[in-house]
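This structure is in structure tokens; I'll ask about it shortly.
Within every chain, numbering begins at 1; the chains are lettered A, B, ... in the order of the sequence lines, protein sequences first and strands thereafter.
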Number of protein chains: 2
Amino acid sequence: MQLPPLVQTFVLHFGEMGSRWGINRTVGQIYAVLFVSERPLNADEIVERLGVSRSNVSMGLKELQAWNLVRLQHRPGDRRDYFATPEDVWQIVRTLVEERKKREIDPTLTMLRELLMQEVGTEAERHAQARLGEMHDLFELFTGWYDDMRRLDTDRLIQLLTLGAKVQKVLEMKDRLTRFGGRGGKGD
Amino acid sequence: MQLPPLVQTFVLHFGEMGSRWGINRTVGQIYAVLFVSERPLNADEIVERLGVSRSNVSMGLKELQAWNLVRLQHRPGDRRDYFATPEDVWQIVRTLVEERKKREIDPTLTMLRELLMQEVGTEAERHAQARLGEMHDLFELFTGWYDDMRRLDTDRLIQLLTLGAKVQKVLEMKDRLTRFGGRGGKGD
DNA sequence: TATCAATTTCAGAAACTTCTGAAAAGACGA
DNA sequence: TCGTCTTTTCAGAAGTTTCTGAAATTGATA
């Protein structure tokens with residue numbers, strides 16, 4: 001592996017993390033190398049830096065492209081493909097969440113809805129269905145919230161995240177201000 | 001696999017999802033079976049339902065216990081261990097996020113902080129460090145937000161998630177209302 | 001202490017994933 | 001068209017994870 005120690009540490013850790021999240025180690029490493037690189041890299045440069053086979057890099061890049069996580073670029077007078085990550089880390093987060101939702105959450109919601117529509121006979125099945133209903137509602141709540149969040153521009157998103165639970169305070173204030181006097185505030 | 005078709009579909013899907021998130025398929029299936037069960041189950045009952053070996057179930061249950069995702073119970077006059085998931089799905093979410101943070105996010109933040117403290121020589125390394133800084137700040141923002149959220153009780157959490165981006169509207173209103181008292185507004 | 005039921009451990013088998021080198025395919029200019 | 005440079009594909013090797021059955025351990029009871 002032909003990398004400065006600082007970068008190497010990061011790349012190895014990132015590959016490791018990747019494999020805990022169902023992403024193949026090399027794919028994670030390729031992404032890490034691109035992420036810290038000053039400029040787009042071609043496949044051979046990645047091979048050099050990581051010390052893995054050319055074909056492995058080719059497959060890894062293909063996977064990253066399928067996930068929309070890298071951008072392909074060309075330089076004038078050079079036929080090779082150059083790859084880069086988006087400069088904006090928020091763009092990366094958005095893509096990651098979006099793709100993961102598309103591949104895993106949405107199909108799960110579909111499956112849950114289908115199972116909830118079935119007529120069942122036994123008590124055990126009725127109980128199972130009730131549980132699946134709870135899970136379905138949870139997923140719906142999260143995807144609904146996410147759907148709202150992704151529409152916000154990054155500054156506002158940061159603003160909200162930074163406020164954190166303080167939003168709650170603002171909501172209480174709103175309650176007090178809008179229903180003057182009345183029962184506002186903590187009631188649930 | 002000895003399960004009603006409805007449950008079987010769910011269990012298989014859940015196992016599949018698990019393996020995409022770095023959780024072994026059987027462990028996912030065991031969890032799914034416990035999740036929809038009306039009552040706590042002992043290891044042999046899980047073996048029956050899933051048709052996998054007793055030792056496999058034993059290892060799976062051990063892993064789920066290490067993740068705090070199942071509760072062990074005993075019945076009077078029965079030496080066997082019975083396992084159940086929490087009844088409250090929100091409790092499940094909280095545990096999952098907490099454990100994942102502890103195992104993956106926190107160590108990553110530690111690593112990033114260590115790399116950011118290093119003095120480096122080359123331009124490439126300085127650029128890499130800047131990128132790691134961006135990633136670090138992103139992770140900090142998320143964990144800070146999460147730290148706020150986890151303190152909220154479930155009803156308030158649901159309230160916030162349901163509002164979604166409408167919170168933004170309330171914040172704007174707050175801005176308008178507080179501005180003419182002095183310090184209000186966008187500043188942080 | 002011996003017995004018995006339940007659980008855990010673990011070495012090796014089975015299944016699965018990842019990786020490689022070699023060959024094929026594609027793209028471009030001469 | 002050909003030659004060259006590049007990327008992709010793919011069969012099998014290497015590596016890793018998961019799973020099993022048999023044996024060991026635990027712990028309660030007599």
Side-chain angles (χ1 to χ4, degrees), chain A residues 1-2 11-12 14-34 40-67 69-84 103, chain B residues 1-2 11-12 14-34 40-67 70-84 103-104:
Chain A
M1 205 181 262
Q2 204 55 301
V11 166
L12 292 178
F14 204 87
E16 211 49 61
M17 278 306 112
S19 65
R20 293 218 204 170
W21 287 80
I23 289 153
N24 139 2
R25 181 170 292 114
T26 310
V27 173
Q29 293 180 352
I30 293 173
Y31 199 77
V33 161
L34 292 176
L41 301 177
N42 65 44
D44 283 322
E45 290 172 319
I46 299 170
V47 167
E48 236 172 54
R49 283 163 169 72
L50 292 181
V52 297
S53 76
R54 183 53 234 265
S55 50
N56 198 358
V57 169
S58 176
M59 291 189 296
L61 286 169
K62 234 186 115 201
E63 188 161 351
L64 287 172
Q65 282 177 281
W67 278 79
L69 282 169
V70 294
R71 297 282 157 79
L72 190 140
Q73 298 184 21
H74 285 103
R75 339 177 115 191
D78 187 340
R79 296 217 253 110
R80 288 168 293 182
D81 295 339
Y82 284 78
F83 298 88
R103 288 158 199 245
Chain B
M1 204 180 263
Q2 203 57 300
V11 166
L12 291 177
F14 204 87
E16 211 49 62
M17 279 305 113
S19 66
R20 293 219 203 169
W21 287 80
I23 289 151
N24 141 1
R25 180 172 292 116
T26 310
V27 172
Q29 293 181 351
I30 293 173
Y31 199 77
V33 161
L34 292 177
L41 301 177
N42 65 43
D44 283 322
E45 291 172 319
I46 299 170
V47 167
E48 237 172 53
R49 284 164 169 70
L50 293 181
V52 298
S53 75
R54 182 54 235 265
S55 50
N56 199 357
V57 168
S58 176
M59 290 189 297
L61 286 170
K62 234 186 116 201
E63 188 161 353
L64 287 172
Q65 282 177 281
W67 278 80
V70 293
R71 296 282 156 80
L72 191 140
Q73 300 183 22
H74 285 104
R75 338 179 115 191
D78 187 340
R79 297 219 251 108
R80 288 168 294 182
D81 295 339
Y82 284 78
F83 297 89
R103 288 158 200 244
E104 280 125 34

CD-CG distance between B:Q2 and B:L50, expressed to the nearest 0.5 angstrom: 11.0 Å

For A:L64, check side chain to side chain contact (heavy atoms under 4.5 Å, CB included) against everything at least two apart and list the hits. A:V27, A:I30, A:Y31, A:L69, A:V70

Measure CD/B:E45 against C1'/C:dA5 and give the value in whole Å, please. 15 Å

Tell me whether the side-chain N/O atoms of B:R54 come closer than 4.0 Å to OP1 or OP2 in D:dG21.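 Result: no.
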
Can you check the B:L61 CG to C:dA6 P distance for me, whole Å?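 Computing the B:L61:CG to C:dA6:P distance gives 15 Å.
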
May I have the distance from B:R20 (atom CZ) to C:dC16 (atom P), rounded to whole angstrom? 16 Å

So, applying side chain to side chain contact (heavy atoms under 4.5 Å, CB included) with B:V57, which one of B:N42, B:L41, B:I46 is it?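 Among B:N42, B:L41, B:I46, the one meeting side chain to side chain contact (heavy atoms under 4.5 Å, CB included) with B:V57 is B:I46.
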
Once you apply a heavy-atom cut-off of 4.0 Å, does B:N24 come out as touching a base, just sugar-phosphate, or nothing? sugar-phosphate

Taking the side chain of B:K62 as its heavy atoms from C-beta onward, which of D:dT7, C:dT9, C:dG21 lies nearest to it?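 In terms of side-chain proximity for B:K62, the closest of D:dT7, C:dT9, C:dG21 is C:dT9.
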
Please check the phosphate of C:dT18 (OP1 and OP2 only) for any side-chain N or O of A:T26 closer than 4.0 Å.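 So the side-chain polar atoms of A:T26 never come under 4.0 Å of the phosphate oxygens OP1 or OP2 of C:dT18.
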
Rounding to a whole Å, what distance do you find between B:N56:CG and C:dT8:C1'? 13 Å

From CE of A:M59 across to P of D:dT6 the rounded distance in Å is 20 Å

So which atom in B:L61 and which in B:A43 form the shortest heavy-atom distance, rounded to 0.1 Å?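 Where B:L61 meets B:A43 most closely, the heavy atoms are CD1-CB, 4.2 Å.
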
Over all strands shown, is B:R79 touching base, sugar-phosphate only, or nothing at heavy-atom distances under 4.0 angstrom? base

Whole-Å gap separating P (D:dT26) and NE2 (B:H74): 16 Å

Closest listed nucleotide, where the reference is the side chain of B:S53 and the choices are D:dG21, C:dT18, C:dT7: D:dG21

Contact class for B:N42 (heavy atom, under 4.0 Å): base, sugar-phosphate, or nothing?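 The residue B:N42 makes no contact with any strand.
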
For A:D78 and A:R25, take the nucleotide of DNA chain D holding the closest heavy atom to each; which residue's nucleotide lies nearer the 5' end? A:D78

With a 4.0 Å limit, can you tell me whether A:S58 has a side-chain N or O closer than that to the phosphate oxygens OP1/OP2 of D:dT8?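 Yes, A:S58 has a side-chain N/O under 4.0 Å of OP1/OP2 on D:dT8.
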
Side-chain N or O of A:R80 less than 4.0 angstrom from OP1 or OP2 on D:dT7? no

Interatomic distance where OH belongs to B:Y82 and C1' belongs to C:dA5 [whole Å]: 13 Å

Nearest non-hydrogen partners of B:Q73 and B:A84, listed with the distance: NE2-CB, 3.9 Å

Starting from P on C:dT8, measure out to CZ on B:F83 and report it in whole angstrom.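 Between P of C:dT8 and CZ of B:F83: 6 Å.
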
Checking all strands, does B:D44 fall into the base, sugar-phosphate, or nothing category for heavy-atom contacts under 4.0 angstrom?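 Contact class for B:D44: none.
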
